[in-house]
Every structure is written in structure tokens, then in C-alpha cells.
S.K.: 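I'd like to ask some things about the structure below.
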Amino acid sequence: MASSRRPLPPPEIESRLRAQFGEDVLAFEDQFGHAVVTVRPARYREMARFLREEPEFDCDYCDFCSGVDFGDSGLEVVTHLYSTTIGHHVRLKVRLAREHPVCPTISDLYPGANWHERETAEMFGIAFEGHPQPVKLLLPEPFEGHPLRKDFPLMTREAKPWPGAVEGEEEEEEE
């Protein structure tokens, strides 16, 4: 049965989150009707729990969690939460230092976040503190580096010596 409650508009989501989390809400935007909240890493997990457990939000679905590399400015975890009963969207953003980025896990609050966090960990090098299974999901265990970081060396951009003969030379040597 569909809920008779209407989705909260982003300005109302902002005022309620600021009332609960105060200065730990670092920024807020309305992006195409979705509330986008930047929160301090220390309050990220608490905010995700609040959005899930508070009946006025009821964000019961984690649509995705991923990372963004801003180069020297650091990294960011982006998590999109949705209420399947009310119909509003809340996107959480957490800015992290480039060196040793750590973010609390929400995989116990949103089981669907488990694989998203594992993928983000291996592709961006962001550790999710408290994750129950912090092992690689996509890449082989011996793989080194984090392929979605801007400083990851792409093999197509690295000049390496060709291991074989120069094309055409092998025929000249046989004559």
C-alpha cells in the first residue's frame, strides 16, 4: 500500500538535518529535486542511521555508494539514499583527506551498501571502518593500486620498451 505522506522538499530536508546535526552539515544543495548534504565524516554514519530510522525520512534503500577523486583536494564518498515509502531522495557526501582516507561503514544499516563500499575501497582506496568483509570484489588479490584514482598510472600512457624486433627488421636479418 502506498504511503499517503508526500516527499519532503529539499529545503525542508535541509532544515531538519541542520536542526539535528548543526554545524556538522557542511553544505547543502538542491540538485534536480534531490537533497544533497555534505556532512563531516564523524557524523556520516549517524546521519545515515537518522535518515533510515526517523519516520519523517524513512530512507530505507541505499541506491548506491561510490567515490570521487578531486586530485590534490582529496576524495569524497557519495551515498544516495531513497525512501521507497515516501519517495524522496537524500544524497550524502563526505570529504576525505587524500592520504589514508577512512569513512565509517553503513553496510550494517543498509546491507546493499556492502558491495558498493567494497568496490569503492578497491577502486579509490577508501577504507570503510567497521566493514564486515573488507576484501576485493572486482580485482585479483595481487593487483596493486586503485584504478579510479587520478594518479593511477594507465598502461596506455606509459612508454615501455617493445620486447620484440622492430616491424620489418626480422625479414631483413634473414636475407
S.K.: What about M123 and V78, same hydrophobic cluster or not, with Ile/Leu/Val/Met/Phe/Trp/Tyr joined at side-chain heavy-atom distances under 4.5 Å?
M.R.: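 Each belongs to a different hydrophobic cluster.
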S.K.: Looking at Q31 and V36, what are the two nearest heavy atoms and their distance?
M.R.: OE1-CG2, 3.5 Å
S.K.: Partners of E56 by side-chain hydrogen bond (donor to acceptor under 3.5 Å, both in side chains), sequence neighbours excluded?
M.R.: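 Checked E56 against side-chain hydrogen bond (donor to acceptor under 3.5 Å, both in side chains); matches are R16.
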S.K.: Under 4.5 Å between any side-chain heavy atoms of M47 and V37, yes or no?
M.R.: yes
S.K.: Quick one: list whatever passes salt bridge (Lys or Arg N to Asp or Glu O under 4.0 Å) with E119, sequence neighbours left out.
M.R.: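 Per chain and number, E119 pairs via salt bridge (Lys or Arg N to Asp or Glu O under 4.0 Å) with no residue.
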S.K.: Is there a side-chain contact between P9 and H88, using heavy atoms and a 4.5 Å cut-off?
M.R.: no
S.K.: From L81 CG over to D58 CG, what is the distance, rounded to the nearest 0.5 angstrom?
M.R.: 11.5 Å
S.K.: Is there a side chain to side chain contact (heavy atoms under 4.5 Å, CB included) between D63 and R91 once you walk through the steps?
M.R.: CA-CA 10 Å; D63 188 26; R91 193 169 312 124; over 6 Å; no
S.K.: Indicate the atoms forming the closest heavy-atom contact of T120 with G67, along with that distance.
M.R.: CG2-N, 3.8 Å
S.K.: Residues two or more places apart in sequence or in another chain: which of them pass ring-ring contact (aromatic ring centres under 6.0 Å, His included) with F64?
M.R.: H80
S.K.: Do F128 and V102 touch side chain to side chain, with heavy atoms closer than 4.5 Å?
M.R.: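 In short, these two side chains do not touch, never coming nearer than 4.5 Å.
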S.K.: Please report the shortest heavy-atom distance between E117 and I106, naming the atom on each side.
M.R.: OE2-N, 2.9 Å
S.K.: With hydrophobic residues grouped by side-chain heavy-atom distances under 4.5 Å, do V68 and F152 end up in a single group?
M.R.: no
S.K.: Only counting residues at least two apart or in another chain, list the ones meeting side-chain contact (heavy atoms from CB on, under 4.5 Å) with P132.
M.R.: S107, N114
S.K.: Which pair of heavy atoms, one from R118 and one from K136, lies closest together, and at what distance?
M.R.: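 Closest heavy-atom pair between R118 and K136: NH2-O, 3.1 Å.
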S.K.: If you take all heavy atoms of P101 and G125, which pair is closest and at what distance?
M.R.: CG-O, 3.3 Å
S.K.: Are any non-hydrogen side-chain atoms of F57 and L8 less than 4.5 angstrom apart?
M.R.: yes
S.K.: Determine whether P11 and F28 make a side-chain contact, defined as any pair of heavy atoms from C-beta on separated by less than 4.5 Å.
M.R.: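 When only atoms from C-beta onward are counted, F28 and P11 do not touch, as no gap falls below 4.5 Å.
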S.K.: If hydrophobic clusters are built by linking Ile, Leu, Val, Met, Phe, Trp and Tyr wherever their side-chain heavy atoms come under 4.5 Å apart, do V90 and V94 end up in the same one?
M.R.: yes
S.K.: Mind checking the CZ-OG spacing from F124 to S66? Nearest 0.5 Å is all I need.
M.R.: 4.5 Å
S.K.: After noting the C-alpha distance and the side-chain angles of R5 and T85, does the key distance pass the side chain to side chain contact (heavy atoms under 4.5 Å, CB included) rule?
M.R.: CA-CA 8 Å; R5 297 182 288 173; T85 58; 3.8 Å; yes
S.K.: Is any NZ, NE, NH1 or NH2 atom of the basic residue among R49 and E46 found under 4.0 Å from an Asp or Glu carboxylate oxygen of the other?
M.R.: no
S.K.: First locate atom CG of L75, then atom CG of L96, and finally report the distance between them rounded to the nearest 0.5 Å.
M.R.: 6.5 Å
S.K.: Could you tell me the separation between the SG atom of C65 and the CG atom of L92, rounded to the nearest 0.5 Å?
M.R.: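 So the SG of C65 and the CG of L92 are separated by 9.5 Å.
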S.K.: Are any side-chain N or O atoms of R18 and backbone N or O atoms of V25, one a donor and one an acceptor, separated by less than 3.5 Å?
M.R.: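 Between the backbone of V25 and the side chain of R18 there is a qualifying donor-acceptor contact (under 3.5 Å).
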S.K.: Would you call E122 and L137 a side-chain contact if the rule is heavy atoms closer than 4.5 Å?
M.R.: yes
S.K.: Using only atom types and a distance under 3.5 Å, with no angle test, would you say the side chain of E129 pairs donor to acceptor with the backbone of T105?
M.R.: no
S.K.: Above 12 or not: heavy atoms from other molecules or residues under 6.0 Å from CD of E141?
M.R.: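 It does: E141 CD has more than 12 such atoms within range.
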S.K.: CG of D60 to CZ of R52: how many Å apart, nearest 0.5 Å?
M.R.: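 The CZ atom of R52 is 6.5 Å from CG of D60, to the nearest 0.5 Å.
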S.K.: Determine whether the side chains of Y44 and T79 contain a donor N or O and an acceptor N or O closer than 3.5 Å.
M.R.: yes
S.K.: Stepwise, does the side chain to side chain contact (heavy atoms under 4.5 Å, CB included) test hold for R149 with R98?
M.R.: CA-CA 10 Å; R149 278 200 176 193; R98 185 159 195 76; 4.1 Å; yes
S.K.: Atom CZ of F70 and atom NZ of K150: how far apart are they, to the nearest 0.5 Å?
M.R.: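 Answer for the CZ-NZ pair, F70 versus K150, is 7.5 Å.
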S.K.: With sequence neighbours left out, write down each residue that passes side-chain contact (heavy atoms from CB on, under 4.5 Å) with E23, or none if nothing qualifies.
M.R.: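 side-chain contact (heavy atoms from CB on, under 4.5 Å) check on E23 returns nothing, list empty.
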S.K.: With sequence neighbours excluded, tell me which residues meet side-chain contact (heavy atoms from CB on, under 4.5 Å) with R40.
M.R.: D24, L26
S.K.: Tell me if the CG atom of D72 is crowded by more than 12 foreign heavy atoms within 6.0 Å.
M.R.: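 No, CG of D72 has 12 or fewer neighbouring heavy atoms, counting only those of other groups under 6.0 Å.
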S.K.: Are side-chain heavy atoms of L17 and L51 found at a separation under 4.5 Å?
M.R.: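 Touching, per the 4.5 Å side-chain cut-off.
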S.K.: Should the pair F50 and F21 be assigned to parallel (<30°), tilted (30 to 60°) or perpendicular (>60°) ring geometry?
M.R.: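 Judged by the thresholds at 30° and 60°, the geometry between F50 and F21 is perpendicular.
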S.K.: Assess whether side chain to side chain contact (heavy atoms under 4.5 Å, CB included) is satisfied between R45 and L109, documenting all intermediate values.
M.R.: CA-CA 9 Å; R45 180 179 165 73; L109 302 173; 3.9 Å; yes
S.K.: Indicate, with yes or no, if W115 and L148 share a hydrophobic cluster defined by side-chain heavy-atom contacts under 4.5 Å among Ile, Leu, Val, Met, Phe, Trp and Tyr.
M.R.: yes
